[in-house]
2 protein chains.
Amino acid sequence: MWADAIPGRDEQQALKRKAIVRAAARLMSRRGSHGATLDDVADRLGVSKAALYRYVSNKNDLILACHEEALAIAERCLDHGEEKGATGLEKIRLGLRSYLVEMIRELGVPALILEENVLQGDAAERNYANRDTYEQRMRRLVAEGQRDGSIVQSEPKIAVFMLLGSIHWLAKWYCPDGDWQPEQVADAIVELATRALEPSPAERLSAELHAGAGTGP
Amino acid sequence: MWADAIPGRDEQQALKRKAIVRAAARLMSRRGSHGATLDDVADRLGVSKAALYRYVSNKNDLILACHEEALAIAERCLDHGEEKGATGLEKIRLGLRSYLVEMIRELGVPALILEENVLQGDAAERNYANRDTYEQRMRRLVAEGQRDGSIVQSEPKIAVFMLLGSIHWLAKWYCPDGDWQPEQVADAIVELATRALEPSPAERLSAELHAGAGTGP
DNA sequence: CGTGAATGTGACTTCATGGTCACGTGTGCA
DNA sequence: TGCACACGTGACCATGAAGTCACATTCACG
């Protein structure tokens, strides 16, 4: 019937939960996890707080869902970067750029990431695990870039922290209602931050020599 | 009691208030402004919560004081940078490096900065004003570096946001009990982040030409 | 000593907010 | 038609934390 154009009951549930998570993420981005109350989230969706509990077991669960949504976006964008980019540096650039744009579009601004310490119990550990796998993936990309000569030699951990810091700090200053467009600002930030990873000509030369000069012209 | 912060008699009040601010800053750095309760702060100092109210009018006031302390450190470190550094880039490097070191030493880790949105009323505006003057000072240094050729041409606002993001993100991952020493990690982060501002040899050359080549050998 | 100001305390109030529950309503299905 | 179930609601409870207050204690000083 209806050629499956009408979402089923359980699909509706999933959609509603997603709407809750999105609304919550937006609010928390602005006011922080503590500052955004469940009443706020409910109001934003035009329902009562009690209704939320049909789709979310508690606030911790909701916050965790927000973080997982954000990290899912990040991973998806890294997929894109790894697919399209040639060098380690390019993959990182593409991945971070689309991450920022998507983040601004979908969740307002990625301020959730700024305060993950509010999670308690299992949720906290699960979230740390998620974040760690993402960071490790980033580090592997840095190492790849160091091998292919697109990234300067340095401690990958530090490099990744530096990049993520530059990116997420956006939450502190970017105003979605301002003049700057998401793509524009994402470009500018990512371009500048990843400049830090670019090897100088001299460094690139020595890297090529060290690699056997097999890739030179 | 009072964690051994009681020399003079008349200055006692000021010192005690300072001790409160420091303790609060440390706790808030770890657990966030909301997560750190006044009871926690009092416990840490070995007094009761009620005693705090002799030196602090309310929690907002306390949070504001923490931010002002942090910004005061930042300004002081920029003074140092401006005094010792020759170029715009050097001033920024020195300023940020000592800021990070001092911050880790004094206030644990500068996580307060991550959540200034919790301030309410006058305190919020005053804090934003403080922060703005600091950021403007940083921007002026970037512009100076662009004039003297030590910093690549780019939007100073973006550059400053990128730097501050890299720096403050430290709060997310640096563990004071870990292996890395404050100076070591401050050096690494600042060195890498400011690399992004360095002009490439070609850019430097064109900058010198544009400036009339008056400073070349 | 004696006195008043300063300081610290425990016990209290107040309030915001997370979380629960019994109930009314609409909807799909036999 | 009527049943069962999902859904949403307003009213409610529990709790943690901010903030207050009367009182005890200590200290400077005449």
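We name chains A, B, ... by the order of the sequence lines, and we start the count at 1 in each one. All values reported here derive from a predicted model rather than from experimental measurement.
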Item to complete: Could you check whether the rings of B:Tyr99 and B:His168 sit parallel, tilted or perpendicular, using 30° and 60° as the cut-offs?
Response: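 B:Tyr99 and B:His168: perpendicular rings.
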Worksheet item: Can you say whether the rings of B:Phe161 and A:Trp173 are parallel (under 30°), tilted (30 to 60°) or perpendicular (over 60°)?
Response: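 Judged by the thresholds at 30° and 60°, the geometry between B:Phe161 and A:Trp173 is parallel.
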Item to complete: Side chain of B:Thr37 only, please: which of D:dT20, C:dG18, D:dA17 is the nearest?
Response: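 Closest nucleotide among those given: D:dA17.
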Discussion item. Of the listed nucleotides (C:dG8, D:dG10, C:dG10), which one gets closest to any side-chain atom of B:Ala50?
Written reply: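 Selected nucleotide (nearest to the side chain): C:dG10.
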Discussion item. With nearest nucleotide decided by heavy atoms, which residue, A:His34 or A:Arg54, maps closer to the 5′ end of DNA chain C?
Written reply: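 Closest to the 5' end, via its nearest nucleotide, is A:His34.
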Item to complete: Identify, between B:Ser48 and A:Tyr53, the residue whose nearest nucleotide on DNA chain C lies closer to the 5' end.
Response: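 Looking at the nearest nucleotide for each, B:Ser48 comes out on the 5' side.
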Could you tell me the separation between the [atom1] atom of [X] and the [atom2] atom of [N], rounded to a whole number of Å?
X	N	atom1	atom2	answer
B:Ile63	D:dA17	CD1	P	14 Å
B:Gln12	C:dA5	CD	P	19 Å
B:Leu52	C:dG8	CG	P	10 Å
B:Leu38	C:dC12	CG	P	20 Å
B:Lys49	D:dA18	NZ	C1'	6 Å
A:Asp43	C:dG18	CG	P	12 Å
B:Asp40	D:dG16	CG	P	13 Å
B:Ile20	D:dG19	CD1	P	14 Å

Worksheet item: Got a salt bridge between A:Arg140 and A:Glu144, using NZ or NE/NH1/NH2 to carboxylate O under 4.0 Å?
Response: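 Answer for the salt bridge query: no.
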Worksheet item: Taking for each residue the nucleotide of DNA chain D with the nearest heavy atom, is it A:Lys16 or B:Asp39 whose nucleotide lies nearer the 5' end?
Response: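 Here A:Lys16 is the residue nearer the 5' end.
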Worksheet item: Would you call B:Ile151 and B:Thr87 a side-chain contact if the rule is heavy atoms closer than 4.5 Å?
Response: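 When only atoms from C-beta onward are counted, B:Thr87 and B:Ile151 do not touch, as no gap falls below 4.5 Å.
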